[in-house]
Amino acid sequence: METVARGVDARVSGDRIVAAWFGSHRQPFKTPAAQQAHGLEGRVFLSVHRTGKHIVCELGPSASARRPLPAEDLAQLPIEAQWVVHLGMTGRLLVGASDAPVEPHTHARLALASGRELRFVDPRRFGRLEFRDLGSVASFVAPGAEPLTVARDEFAALFRGRKLAIKAALLNQNLLAGVGNIYADESLFRAGIRPRRAAGRLTRDELERLRQALRQVLRHAIRLGGSSVSDYVDAEGQRGFFQLEHRVYLRTGEPCRVCGTPIRRILLAGRGTHFCPRCQR
DNA sequence: CATTTCACCTGGTGGC
DNA sequence: TGCCACCAGGTGAAAT
């Protein structure tokens with residue numbers, strides 16, 4: 001998500017939405033299609049960032065100018081609205097030529113003043129698109145602590161007294177913002193902790209190892225442009241490379257890169273969960 | 001209330 | 001080749 005947000009930010013900031021088209025599928029829309037199109041048309045992209053797993057596009061006032069705005073003018077404009085995108089499992093945000101072939105499962109197309117288009121493509125339709133008018137609703141912030149910046153004590157407090165498995169706790173977006181299945185498994189491996197351990201029973205040392213592992217894994221993954229397991233790509237259609245660094249995720253039966261023991265797969269919180277039975281206690 | 005399960009979708013893969 | 005079971009970056013409603 002961080003990779004996607006950065007890519008989209010670099011490509012659309014300063015550009016203006018001259019027309020918005022939304023497909024007829026009901027599923028991906030938190031805000032009705034017509035309302036989103038109406039809210040978006042004419043607005044300028046001020047910036048794009050990530051909060052948790054959500055990508056937030058800050059939007060300026062509507063205007064009829066047909067040219068993209070220079071950066072120095074952008075800072076003067078008030079943030080009036082947001083377009084919040086959640087990619088689900090298979091969602092992609094792509095910026096490209098407006099005459100590029102439209103892929104199957106394209107649910108939204110925003111035509112930009114620069115002549116390009118921002119497109120939302122999502123085969124499984126688990127993604128969500130929401131338009132927020134900041135005149136009537138608050139600016140969007142994902143719940144949960146940010147794993148990249150959370151302090152030691154705050155991190156430990158998240159799990160205190162909890163009986164659920166630590167893996168399930170990591171995936172709970174109300175506790176930690178933005179940790180998904182890949183990075184939960186990868187950070188638990190690096191911290192040497194079994195995914196089924198009760199969250200509230202981890203020692204102070206284990207919690208601190210986990211916090212550090214999570215931060216390192218996320219930083220490393222962001223540096224490599226994310227994990228491209230099947231079709232994940234950034235705003236330019238480029239794949240990430242962190243999947244080459246996976247030590248357990250989707251490596252069932254393959255030897256552990258540390259001790260050679262075959263990686264095991266169990267079902268936990270309804271998700272495939274991968275770990276090394278020797279390295280993780 | 002905390003926690004678990006399941007439905008929501010499409011597509012790819014691998015076994016028979 | 002076809003058919004079927006199973007798997008996949010996530011969540012939120014319903015059940016326990």
Side-chain angles (χ1 to χ4, degrees), chain A residues 1-7 23-30 50-55 84-94 103-107 120-130 140 142-144 147 157-188 195-201 214 217-218 220-222 224-235 237-254 263-274:
Chain A
M1 299 308 156
E2 182 67 39
T3 301
V4 173
R6 289 180 188 183
S24 53
H25 290 299
R26 193 180 58 82
Q27 207 68 27
F29 308 132
K30 255 180 128 163
R50 171 200 67 82
T51 168
K53 290 174 188 169
H54 302 261
I55 293 162
V84 182
V85 178
H86 192 298
L87 298 181
M89 305 242 305
T90 54
R92 286 178 290 157
L93 274 178
L94 300 169
E103 288 188 51
H105 309 294
T106 298
H107 306 301
F120 174 70
V121 181
D122 183 16
R124 284 177 79 177
R125 288 187 259 153
F126 287 170
R128 289 291 179 272
L129 305 175
E130 178 187 9
F140 181 80
L158 296 175
F159 306 108
R160 204 161 292 150
R162 294 189 174 272
K163 293 181 177 168
L164 81 171
I166 183 62
K167 158 87 183 251
L170 288 176
L171 292 177
N172 182 340
Q173 299 297 298
N174 291 312
L175 296 178
L176 280 169
V179 179
N181 206 33
I182 293 176
Y183 302 113
D185 281 4
E186 291 298 317
S187 58
L188 284 169
R196 279 219 216 266
R197 293 272 304 282
R201 302 226 166 193
L214 203 45
V217 161
L218 290 170
H220 191 181
I222 289 168
L224 295 185
S227 300
S228 291
V229 171
S230 57
D231 54 7
Y232 163 82
V233 288
D234 70 12
Q238 295 296 306
R239 292 166 59 84
F241 292 97
F242 189 71
Q243 67 279 9
L244 303 174
E245 306 282 324
H246 290 176
R247 301 201 188 152
V248 288
Y249 183 75
L250 249 36
R251 293 194 65 241
T252 312
E254 292 174 46
I263 298 302
R264 284 238 285 268
R265 178 184 182 277
I266 58 173
L267 213 55
L268 200 164
R271 315 298 305 277
T273 297
H274 314 78

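Order of the sequence lines sets the chain letters (A, B, ...), proteins ahead of strands, with each chain counted from 1.
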Inset, instruction - Using the P atoms only, state how far dC9(B) lies from dC3(C), rounded to an integer number of Å. - result: 24 Å

Inset, instruction - Give the stems involving DNA chain B, where a stem is 3 or more consecutive Watson-Crick or G-U wobble pairs (i with j, i+1 with j-1, and so on) under 3.5 Å. - result: B:2-8 with C:10-16, B:10-16 with C:2-8

Inset, instruction - Figure out the NE2/C1' separation between H54(A) and dG12(C), and round it to whole Å. - result: 12 Å

Legend entry - H105(A): ring pair (Phe, Tyr, Trp, His ring centres under 6.0 Å) partners, not counting sequence neighbours: none

Legend entry - Nearest-0.5 Å distance, CD of residue E2(A) to CG of residue D234(A): 12.5 Å

Legend entry - Rounded distance in Å - CG (N181(A)) to C1' (dA8(C)): 9 Å

Inset, instruction - Report the distance from atom CG of L250(A) to atom P of dA8(C), rounded to the nearest whole Å. - result: 6 Å

Legend entry - Whole-Å gap separating C1' (dG10(C)) and CG (L170(A)): 15 Å

With a cut-off of 3.5 Å and sequence neighbours excluded, list every side-chain donor-acceptor pair involving residues 263-273 of chain A.
from: T273(A); atom 1: OG1; to: K167(A); atom 2: NZ; distance (Å): 2.8
from: T273(A); atom 1: OG1; to: R271(A); atom 2: O; distance (Å): 3.1

Inset, instruction - Nearest 0.5 Å please: distance from the NE2 atom of H54(A) over to the CZ atom of R128(A). - result: 11.0 Å

Legend entry - Contact under 4.0 Å: H105(A) side-chain N or O vs dC9(B) OP1/OP2: no

Inset, instruction - Mind checking R92(A) for me? I need base, sugar-phosphate or nothing, with any heavy atom below 4.0 Å counting as a touch. - result: nothing

Legend entry - Presence of H86(A) side-chain N/O under 4.0 Å of dT11(C) phosphate oxygens OP1/OP2: yes

Legend entry - Any R128(A) side-chain nitrogen or oxygen under 4.0 Å from OP1 or OP2 of dG10(C): no

Legend entry - All salt bridge (charged side-chain N to carboxylate O under 4.0 Å, His left out) counterparts of E130(A), not counting sequence neighbours: R132(A)

Legend entry - By salt bridge (charged side-chain N to carboxylate O under 4.0 Å, His left out) - contacts of R247(A) (at least two apart): none

Legend entry - Interatomic distance where CZ belongs to R125(A) and P belongs to dG12(C) [whole Å]: 18 Å

Inset, instruction - Would you mind classifying the nucleic acid contact of L87(A) as base, sugar-phosphate or nothing, using non-hydrogen atoms under 4.0 angstrom? - result: nothing

Inset, instruction - Return the set of residues passing ring pair (Phe, Tyr, Trp, His ring centres under 6.0 Å) with F242(A) (not counting sequence neighbours), or none when no residue passes. - result: Y183(A), H220(A), H246(A)

Legend entry - dT11(C) OP1/OP2 closer than 4.0 Å to side-chain N/O of Q173(A): yes

Inset, instruction - Could you tell me the separation between the CE atom of M89(A) and the CG atom of L87(A), rounded to the nearest 0.5 Å? - result: 12.5 Å

Inset, instruction - Using whole Å, report how far CD1 of I182(A) lies from C1' of dA8(C). - result: 10 Å

Legend entry - Atom pair distance, as rounded to whole Å: CD in E130(A) and P in dG10(C): 19 Å

Legend entry - Those residues that, when tested against R125(A), pass salt bridge (charged side-chain N to carboxylate O under 4.0 Å, His left out) (two or more places apart): none

Inset, instruction - Take nucleotides 3-8 of chain B nucleotide by nucleotide from the 5' end and write B, S or -, depending on whether a protein heavy atom sits under 4.0 Å from the base, only from the sugar-phosphate, or from neither. - result: SS---B

Inset, instruction - For M89(A) and dC6(C), give me the distance from atom CE to atom P, rounded to whole Å. - result: 17 Å

Legend entry - Pairing residues for E254(A) by the salt bridge (charged side-chain N to carboxylate O under 4.0 Å, His left out) criterion, not counting sequence neighbours: R251(A)

